[in-house]
Amino acid sequence: MTMEKVKAKKHLGQHFLKDESIAKAIADTLNLEGYDTVLEIGPGMGVLTKYLLEKPVTTYAIEIDTESVTYLNENYPELKDKIISKDFLKFNINEVFEGKQFAIIGNFPYNISTQIVFRALEFRSQIPEFSGMFQKEVAERICSKKGSKVYGILSVLAQAFYDVDYLFTVDETVFIPPPRVKSGVMRMRRKENYTLPCNEKMLFSVVKMAFQQRRKTMRNSLKSLNLSDNLREDSIFDLRPEQLSVEQFIELTLKIEANAV
């Protein structure tokens with residue numbers, strides 16, 4: 001295979017990985033427990049796909065670029081009937097997976113990578129594992145802990161349901177064309193008990209509302225919730241959002257729920 005077969009398209013955020021050892025290392029981040037199906041997002045010309053096909057799982061690939069779809073069909077007969085020529089962000093996952101468990105992996109387009117994570121969180125009951133390559137700063141943000149300057153919405157919501165690990169950094173030079181930033185590979189493994197004690201929609205709302213005004217205390221950023229004076233006196237409201245752990249956000253959500261009763 002030659003990398004010139006498919007031209008990288010800027011509007012799709014394509015940067016084709018050319019280093020086989022990195023592709024294999026990304027494929028090897030999957031533990032393959034609790035599922036027998038993997039969905040690769042944005043396979044391009046299949047540098048990662050080939051290593052997934054060596055594993056004891058059924059591999060599907062979703063690709064929006066029609067030129068890449070043609071290339072994959074011509075070069076990977078093992079993917080026959082398993083290439084989904086659609087946009088992952090708009091695709092109804094259960095048209096194919098019908099409620100079953102599957103992992104997600106990919107060298108994700110950087111311009112939509114955070115949207116991919118949010119979309120995966122919507123289907124967390126079906127996705128026990130999520131692994132792949134992001135812009136380094138995004139991977140670090142997802143894995144960051146409270147107190148970090150990059151700790152934010154995605155950090156809290158991903159870590160509420162998954163154990164997350166930043167695995168390794170990838171240099172710009174191993175892509176065609178090279179991006180202007182370094183990349184990072186991270187993995188999310190769903191917690192054994194990922195059902196939260198609080199209302200999950202409420203948690204999402206509280207976290208997003210808090211970090212949209214991250215320099216303010218929780219008392220000020222959640223002002224629009226019309227909380228009781230008694231609740232607003234709780235010391236947790238003296239903190240700024242980056243000072244709250246995932247567990248504290250869940251605790252806060254429970255208190256807000258009780259306040260609304």
Side-chain angles (χ1 to χ4, degrees), residues 1 3 5-17 22-24 26-135 138 158 162 175-176 183 185-190:
M1 298 180 195
M3 297 306 291
K5 292 284 186 175
V6 177
K7 185 177 179 181
K9 299 164 187 66
K10 189 174 182 179
H11 73 282
L12 293 178
Q14 290 177 326
H15 297 277
F16 294 127
L17 180 64
I22 292 173
K24 184 177 186 304
I26 294 172
D28 288 344
T29 62
L30 296 176
N31 71 356
L32 309 180
E33 293 179 7
Y35 59 89
D36 58 11
T37 304
V38 173
L39 174 64
E40 181 185 1
I41 298 174
M45 286 179 283
V47 66
L48 172 59
T49 317
K50 70 174 74 172
Y51 294 105
L52 295 175
L53 290 170
E54 293 175 356
K55 297 188 177 297
V57 291
T58 300
T59 298
Y60 285 81
I62 185 164
E63 176 60 71
I64 196 172
D65 178 25
T66 54
E67 190 179 358
S68 291
V69 169
T70 299
Y71 183 90
L72 292 166
N73 274 313
E74 290 175 353
N75 289 274
Y76 293 93
E78 309 97 314
L79 282 178
K80 180 177 170 59
D81 302 324
K82 293 183 175 62
I83 300 173
I84 305 163
S85 183
K86 293 187 177 181
D87 180 349
F88 174 74
L89 298 178
K90 299 176 181 176
F91 169 59
N92 179 0
I93 282 172
N94 285 313
E95 282 180 18
V96 172
F97 298 104
E98 299 178 337
K100 72 184 295 186
Q101 300 288 296
F102 66 98
I104 285 180
I105 195 168
N107 172 19
F108 304 116
Y110 296 161
N111 57 345
I112 60 167
S113 61
T114 57
Q115 293 170 267
I116 289 172
V117 178
F118 279 122
R119 181 78 168 146
L121 290 177
E122 289 179 33
F123 290 91
R124 55 191 175 275
S125 64
Q126 288 177 248
I127 302 173
E129 193 162 34
F130 179 108
S131 187
M133 184 146 54
F134 295 78
Q135 182 176 328
V138 174
Y162 290 85
F175 297 91
I176 297 177
S183 302
V185 175
M186 73 99 197
R187 177 181 58 218
M188 309 194 315
R189 286 181 174 164
R190 194 175 60 201

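Everything numeric here is computed off the predicted structure, so don't read it as measured data.
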With the side chain counted from C-beta on, respond yes when Leu32 and Lys55 share a heavy-atom pair under 4.5 Å apart, and no when they do not. yes
Nearest-0.5 Å distance, CG of residue Leu30 to OG of residue Ser131: 5.5 Å
Give a yes or no answer on whether the side chain of Arg190 reaches the backbone of Glu129 with a donor-acceptor pair at less than 3.5 Å. no
Under 3.5 Å donor-acceptor, Gln135 side chain and Pro109 backbone: no
I'd like to check Val57 versus Phe102 (side-chain heavy atoms, cut-off strictly below 4.5 Å). Are they in contact? no
Quick check: closest heavy atoms across Gly46 and Tyr76, and the distance to 0.1 Å? O-OH, 3.0 Å
Measure the CD1-CD1 distance between Ile104 and Ile127 for me, rounded to the nearest 0.5 Å. 3.5 Å
Can you check whether Ile26's main-chain N or O pairs, donor with acceptor, with Arg187's side chain at less than 3.5 Å? no
CE of Met188 to OH of Tyr162, rounded to nearest 0.5 Å, is 5.5 Å
Quick one: CG on Leu39 to NZ on Lys82, what's the gap to the nearest 0.5 Å? 13.0 Å
Decide yes or no for Val38 and Thr58: does some side-chain heavy atom of the first lie under 4.5 Å from some side-chain heavy atom of the second? no
After noting the C-alpha distance and the side-chain angles of Asn31 and Arg189, does the key distance pass the side chain to side chain contact (heavy atoms under 4.5 Å, CB included) rule? CA-CA 9 Å; Asn31 71 356; Arg189 286 181 174 164; 3.2 Å; yes
Identify, with sequence neighbours excluded, every residue that meets ring-ring contact (aromatic ring centres under 6.0 Å, His included) alongside Phe123. none
Sub-3.5 Å donor-acceptor pair from the side chain of Asp87 to the main-chain atoms of Ile64, do we have one? no
Can you tell me if Glu63 uses its side chain to pair, donor with acceptor, with the backbone of Gly44 under 3.5 Å? yes
Any chance you could measure Gln126, atom CD, to Thr37, atom OG1, to the nearest 0.5 Å? 11.0 Å
Considering all heavy atoms, the nearest Asp65-Ser68 contact: OD2-OG, 2.8 Å
Value for CD1 (Ile93) from CZ (Arg119), rounded to nearest 0.5 Å, stands at 5.5 Å
Heavy-atom check, side chain of Glu95 versus side chain of Lys86, under 4.5 Å: yes
Is the distance between the ring centroids of Phe134 and Phe108 less than 6.0 Å? yes
Is there a side chain to side chain contact (heavy atoms under 4.5 Å, CB included) between Phe88 and Ile112? Walk through the geometry before answering. CA-CA 10 Å; Phe88 174 74; Ile112 60 167; over 6 Å; no
Can you see whether Tyr60 engages Glu40 through a side-chain donor-acceptor pair at a distance of less than 3.5 angstrom? no
Could you walk me through whether Leu53 and Leu79 satisfy the side chain to side chain contact (heavy atoms under 4.5 Å, CB included) test, starting with their C-alpha distance in whole Å, then the side-chain angles of each, then the deciding distance to 0.1 Å, before giving a yes or no? CA-CA 9 Å; Leu53 290 170; Leu79 282 178; 4.1 Å; yes
Do Ile84 and Val69 have side chains that get closer than 4.5 Å, going by heavy atoms? no
Could you tell me which non-hydrogen atom of Leu72 sits nearest to which non-hydrogen atom of Pro43, and how far apart they are? CD1-CG, 3.5 Å
Hey, does the side chain of Arg124 reach the backbone of Leu121 with a donor-acceptor pair shorter than 3.5 angstrom? yes
Between Thr49 (side chain) and Met45 (backbone), is there a donor-acceptor pair under 3.5 Å? no
Side-chain heavy atoms of Phe175 within contact of Asn107, under 4.5 Å: yes
Over all heavy atoms of both residues, which pair between Leu52 and Ala27 is shortest? Give the atoms and the distance, please. CD2-CB, 4.0 Å
Run the salt-bridge test on Glu54 and Lys24 with the 4.0 Å N-O cut-off and return the result as yes or no. no
Holding to side chain to side chain contact (heavy atoms under 4.5 Å, CB included), I want the full list of residues that pass it with Asp36, two or more places apart in sequence or in another chain. Lys100
Apply side chain to side chain contact (heavy atoms under 4.5 Å, CB included) to residues Phe130 and Met186 and explain how you reach the verdict. CA-CA 9 Å; Phe130 179 108; Met186 73 99 197; 3.9 Å; yes
